[in-house]
2 protein chains.
Amino acid sequence: MPAGTNDIDERLDAFVAACRQHGVKATHQRREIYRELARTVEHPDVQTVYRRVRRRVPSVSLDTVYRTLRLLDDKGIVCRVACQDACARFDAATERHPHFSCVKCGALLDVCSDELNALPVPASATALGTVTSVHVVFQGVCVACRNGRQRGR
Amino acid sequence: MPAGTNDIDERLDAFVAACRQHGVKATHQRREIYRELARTVEHPDVQTVYRRVRRRVPSVSLDTVYRTLRLLDDKGIVCRVACQDACARFDAATERHPHFSCVKCGALLDVCSDELNALPVPASATALGTVTSVHVVFQGVCVACRNGRQRGR
DNA sequence: ACTATATTGAGATATGTTCTTAGTTAGTAA
DNA sequence: TTACTAACTAAGAACATATCTCAATATAGT
């Protein structure tokens with residue numbers, strides 16, 4: 001979900017509040033890591049977040065980015081998006097929504113579908129256990145790649 | 001999907017045919033790797049397949065299991081299942097079907113839901129690109145873990 | 001402002017996966 | 001059956017992702 005500057009500030013305030021609520025410190029690094037996630041729709045992986053945060057906080061360590069994203073995922077403040085490649089990718093939007101994953105360029109895009117989001121979990125799934133989250137990924141070739149344009153991550 | 005012995009033989013025949021069709025050799029190792037995948041519903045990872053295949057083919061190398069599973073995934077003969085942990089897991093059933101993933105023990109279970117399988121891809125997804133596959137994963141705690149029983153991979 | 005303690009940075013380490021080379025085996029098509 | 005060649009094994013190296021250890025530091029509550 002795109003977000004204007006004001007929006008980001010609001011979300012950062014909410015983030016700090018969420019940290020307090022969970023009893024974890026809202027450190028400078030964590031705020032910057034969250035900001036990078038909240039300000040993009042790309043669902044960047046850890047390395048990408050690291051590279052970007054380093055522009056603002058040159059001393060930040062890769063490990064801190066790993067630790068922070070894992071922590072925030074555990075607390076439910078951000079969420080990890082399942083994708084086919086090896087690396088974990090993250091989303092600041094924790095509300096359930098499907099994704100589109102391009103097998104060519106690796107782009108991971110948000111899909112808006114109230115219909116799908118409202119879809120109840122089938123009994124055949126709840127019979128297997130307690131469902132806490134639902135992940136829907138459409139895989140294929142994105143419009144940009146289909147049109148021949150190549151783009152990196 | 002579970003499979004009896006006869007079923008396995010049939011699927012192995014189909015596997016050999018699929019190899020021919022794709023111009024790759026249906027070697028002894030590849031057949032045994034496929035057999036291990038077809039005979040279980042656990043969606044094992046590479047290491048697990050390797051351990052099991054070695055019982056029948058002691059000389060098989062880990063690298064061959066990696067290479068074979070990647071090749072078969074590329075050809076669409078098996079499919080890689082997205083899961084939260086680092087390692088790739090595989091499924092001999094290539095027909096679209098949802099999975100249940102247990103966050104505690106890592107179990108990856110098949111969900112049977114004709115309803116979900118029949119669900120059309122929403123226009124908001126096809127607008128982003130050409131969809132070639134749909135992955136639905138319900139995440140949560142499986143019945144066994146909920147009941148306190150622990151089980152390894 | 002002070003202090004207890006959660007958090008960080010840096011480097012080491014673990015794990016999963018792929019590649020390289022060279023010599024050997026075994027499918028496939030004729 | 002034979003020959004061509006893809007595929008295999010072995011062993012090592014390389015690479016990427018992710019986690020750990022521990023001393024130094026910054027944050028939150030008083």
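In what follows, every heavy atom counts, from backbone to side chain, and hydrogens, waters and symmetry copies are set aside. In this text the structure is predicted, and so the values were computed from the model without any measurement. Reminder, nothing fancy here: chain letters follow the sequence lines and each chain counts from 1.
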Problem - Cluster overlap L12(B) with L72(B), hydrophobic side-chain contacts below 4.5 Å - result: yes
Practice task
Go through the side-chain N and O atoms of N117(A) and H97(A) and say whether any donor and acceptor fall under 3.5 Å apart.
Solution key: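 No, no side-chain donor-acceptor contact under 3.5 Å.
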Which of these nucleotides, [options], is closest to any side-chain atom of [X]?
X	options	value
K25(A)	dT19(D), dT28(C), dT27(D)	dT27(D)
H28(A)	dT17(C), dA28(D), dT27(D)	dT27(D)
A26(B)	dT17(C), dT28(C), dC19(C)	dT28(C)
Q29(A)	dT28(C), dG9(C), dT27(D)	dG9(C)

Handout entry: salt_bridge(D7(B), R11(B)) N-O dist < 4.0 Å
Key = no
Between [X] ([atom1]) and [N] ([atom2]), how many Å, whole number?
X	N	atom1	atom2	value
Y50(B)	dT18(C)	OH	C1'	16 Å
D73(A)	dA18(D)	CG	P	12 Å
L71(B)	dT18(C)	CG	P	12 Å
R51(A)	dT17(D)	CZ	C1'	14 Å
L72(A)	dT7(C)	CG	P	11 Å
R70(A)	dA6(C)	CZ	P	17 Å
F90(A)	dT17(D)	CZ	P	13 Å
D45(A)	dA18(D)	CG	P	8 Å

Practice task
Return the 5'-most residue of the pair Q47(B), V60(A) with respect to DNA chain C, ranking by each residue's nearest nucleotide.
Solution key: V60(A)
Completion exercise
Judged by nearest nucleotide, the residue sitting upstream toward the 5' end of DNA chain C, R80(B) or V16(B), is R80(B)
Practice task
Please tell me which of R31(A) and L62(A) maps to the more 5' nucleotide of DNA chain D, matching each residue to the nucleotide holding its nearest heavy atom.
Solution key: L62(A)
Is the distance from OP1 or OP2 of [N] to the nearest side-chain N or O of [X] less than 4.0 Å?
X	N	answer
R30(A)	dT8(C)	yes
S59(A)	dT8(C)	no
T27(A)	dA26(D)	no
Y66(B)	dT18(C)	no

Exercise for the section: Report yes or no: is there a donor-acceptor pair, N or O only, under 3.5 Å between the side chain of D63(B) and the base of dC8(D)? Expected result: no
Practice task
Tell whether R67(A) reaches the base of dG9(C) with its side chain through a donor-acceptor pair below 3.5 angstrom.
Solution key: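 In this structure, the two groups form a donor-acceptor pair.
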Exercise for the section: Measure the OH-CD distance between Y66(A) and Q47(A) for me, rounded to the nearest 0.5 Å. Expected result: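 The CD atom of Q47(A) is 5.0 Å from OH of Y66(A), to the nearest 0.5 Å.
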Exercise for the section: Of all the heavy-atom pairs spanning R80(B) and A88(B), show the shortest one and how long it is. Expected result: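 Taking R80(B) first and A88(B) second, the nearest heavy atoms are NH1-CB, 3.3 Å.
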Practice task
Using a cut-off of 6.0 Å, state whether more than 12 heavy atoms not belonging to D13(B) lie near its atom CG.
Solution key: yes
